[in-house]
Amino acid sequence: MKINKFLIITIFTFICIFIIGCDRQNNESVSDSLYSTSLSHIHNFDSEYKYDSRNHYYECECGEISNLESHVYDTLIIDDYIQTKCKICGYEKERKSISFIIEGLYFDGSNYYILNKEGLYNFAGIINGEIVKADLYKKDMFKNSTIYLMNDCDLKDKEWIPIREEISYTYEEQYHKDSNLSGMIFDGLDHKIMNMTIKGDKSLGFIGISGSDFTIKNIVFVDAIVSSTSGWVSVVCGYQSGNVNYSNIKVINSTLGNKDNSYKVGSIVGMCQLAFGSINISECSVSSSIISGKYSVSGLVGEMTGSDRFNFMNNNIENTKIVSLNGVNTSNAISVWDKNFISMDKNQTDDFFKTDSRSNNNIITKVTFEYE
């Protein structure tokens with residue numbers, strides 16, 4: 001009996017060892033086979049992009065992908081529709097029907113598209129009341145809409161007439177919640193406005209004067225010349241008294257104001273009245289420019305007064321000259337003049353940026369001053 005038990009245990013152990021050995025051998029064979037297949041396969045990626053709603057890429061027949069990249073969109077106007085399409089792979093994000101408004105200006109039911117310099121001049125002309133047609137062109141037709149600039153515009157052949165709102169200069173009536181630019185977003189889509197030339201008295205800039213709440217962003221002004229015989233001078237906005245956001249605006253190689261007649265001169269805003277409004281400037285830059293005036297002359301904002309409702313974040317001023325007749329209330333970025341707030345004389349912005357929590361990551365380099 002003992003012999004039989006011993007025999008049974010021996011046979012059982014032998015069978016287990018045999019099964020485990022076979023299984024290991026099979027696994028090693030499969031592993032070797034996969035390893036051999038992996039070594040022998042060479043990826044052959046398609047020559048044309050494949051894409052989904054977010055990315056484009058090349059794909060191998062085995063499913064492996066390479067060169068995964070996010071779409072880079074371009075917006076085109078073709079016949080009677082506007083198309084947003086990836087300019088690398090051709091993926092079409094959306095297509096909207098549009099209607100012709102006036103030369104160079106189109107409408108899709110909610111937003112407007114400026115196709116060229118003629119459209120840009122017409123956009124300003126409608127707001128300024130220079131282009132009038134009953135039930136079609138109205139000064140306030142761009143309220144609460146986004147306006148997209150679709151291409152670079154070179155304005156060298158025609159003087160720019162600043163966009164203006166009819167506001168009162170009395171202290172109580174400067175801010176208009178419901179005016180021509182109210183709720184407007186002007187998006188330049190990183191396009192350039194080149195050789196903008198403005199000549200006149202006061203309230204000069206791409207936007208001359210506004211009491212509305214609006215946003216202007218993603219635009220580059222190159223080689224602008226703004227000549228003034230008075231005050232409130234800028235490349236972007238001469239005078240503001242509403243709640244305005246300026247974002248990703250570049251002013252390059254531009255000249256504005258003069259030291260004998262101009263005052264309250266700044267590349268982004270000339271005069272900022274904050275009694276009823278606010279100002280936010282972010283990701284903006286000024287470079288290789290000359291900014292001149294008798295007093296209240298600065299890189300970003302010529303003069304800011306009325307309250308402390310402001311934010312200045314991630315802005316850059318470089319290789320720019322500030323020219324002032326006497327240096328009063330003159331600074332490299334922002335001049336503030338308010339008996340209840342702060343007053344700055346000659347290059348005090350560095351300290352202001354360092355001590356005020358609403359001003360972060362602003363970089364000022366190679367800004368020179370000239371006082372006479």
Side-chain angles (χ1 to χ4, degrees), residues 73-85 87 92-166 179-200 203-210 212 214-226 235-238 249-250 254:
Y73 290 111
D74 198 5
T75 304
L76 305 171
I77 292 177
I78 303 173
D79 297 328
D80 59 350
Y81 65 88
I82 187 163
Q83 180 187 64
T84 303
K85 191 175 183 179
K87 56 186 179 182
E92 186 175 303
K93 182 180 180 182
E94 63 179 346
R95 179 182 296 203
K96 293 181 180 180
S97 297
I98 57 172
S99 57
F100 175 83
I101 300 298
I102 193 173
E103 184 178 5
L105 187 61
Y106 295 81
F107 182 55
D108 70 1
S110 56
N111 302 313
Y112 292 87
Y113 302 87
I114 297 172
L115 187 59
N116 48 38
K117 65 179 181 180
E118 287 77 15
L120 191 63
Y121 283 116
N122 286 332
F123 164 70
I126 291 172
I127 296 175
N128 291 339
E130 299 165 358
I131 301 174
V132 180
K133 189 172 183 180
D135 300 323
L136 186 57
Y137 308 137
K138 298 181 178 180
K139 292 184 186 180
D140 64 352
M141 64 187 287
F142 302 106
K143 285 169 53 176
N144 302 312
S145 297
T146 299
I147 294 87
Y148 295 103
L149 181 63
M150 307 301 296
N151 293 289
D152 294 345
C153 294
D154 191 340
L155 309 185
K156 65 180 179 180
D157 297 326
K158 184 178 179 182
E159 185 178 326
W160 178 255
I161 305 300
I163 296 169
R164 298 178 182 272
E165 290 188 302
E166 296 175 359
S179 195
N180 297 344
L181 303 183
S182 295
M184 182 193 80
I185 299 174
F186 188 96
D187 189 345
L189 298 175
D190 294 321
H191 288 117
K192 299 181 182 69
I193 293 179
M194 300 170 288
N195 299 304
M196 180 179 72
T197 300
I198 304 172
K199 299 176 182 178
S203 302
L204 303 183
F206 178 71
I207 297 173
I209 184 168
S210 173
S212 295
F214 67 90
T215 295
I216 179 168
K217 62 181 182 178
N218 304 328
I219 189 166
V220 183
F221 292 93
V222 183
D223 298 325
I225 299 175
V226 186
V235 171
V236 184
C237 183
I249 299 173
K250 297 178 177 62
S254 296

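Starting from 1, each residue takes its place in the sequence as its number.
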Residue pair [X] / [Y], side-chain heavy-atom distance below 4.5 Å:
X: L181; Y: I207; answer: yes
X: M184; Y: S212; answer: no
X: L149; Y: I193; answer: yes

Hey, what do you get for [atom1] ([X]) to [atom2] ([Y]), rounding to the nearest 0.5 Å?
X: L105; Y: F123; atom1: CG; atom2: CZ; value: 8.5 Å
X: I98; Y: D80; atom1: CD1; atom2: CG; value: 7.5 Å
X: Y73; Y: T84; atom1: OH; atom2: OG1; value: 8.5 Å
X: K138; Y: I126; atom1: NZ; atom2: CD1; value: 12.5 Å
X: I127; Y: K143; atom1: CD1; atom2: NZ; value: 12.0 Å
X: N195; Y: D154; atom1: CG; atom2: CG; value: 4.5 Å

Legend entry - Side chains of N151 and N116, donor plus acceptor under 3.5 Å: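 Not at all, the side chains of N151 and N116 share no donor-acceptor pair under 3.5 Å.
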Legend entry - Pair D108, Y113: side-chain N/O donor-acceptor within cut-off below 3.5 Å: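 Per modelled atom types, D108 and Y113 side chains form a pair under 3.5 Å.
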Tell me if a side-chain donor or acceptor on [X] pairs with a main-chain N or O of [Y] at a distance below 3.5 Å.
X: D223; Y: M194; result: no
X: N128; Y: E130; result: no
X: Y121; Y: K158; result: yes
X: S145; Y: S110; result: yes

Contact summary for [X] and [Y], nearest pair of heavy atoms:
X: N180; Y: E165; value: N-OE2, 2.9 Å
X: V236; Y: I216; value: CG1-CD1, 4.1 Å
X: A124; Y: W160; value: CB-CH2, 3.6 Å
X: G119; Y: I114; value: C-CG2, 3.6 Å
X: M150; Y: L189; value: SD-CD1, 4.2 Å
X: L155; Y: K117; value: CD2-CB, 3.9 Å

Is the distance between the ring centroids of [X] and [Y] less than 6.0 Å?
X: F186; Y: F206; value: yes
X: F142; Y: F214; value: no
X: F100; Y: Y106; value: yes

Inset, instruction - Could you please spell out the steps behind the side-chain contact (heavy atoms from CB on, under 4.5 Å) verdict for I82 and I77? - result: CA-CA 4 Å; I82 187 163; I77 292 177; 4.0 Å; yes
Inset, instruction - Run the numbers on Y137 and N122 for side-chain contact (heavy atoms from CB on, under 4.5 Å), then give the verdict. - result: CA-CA 10 Å; Y137 308 137; N122 286 332; over 6 Å; no
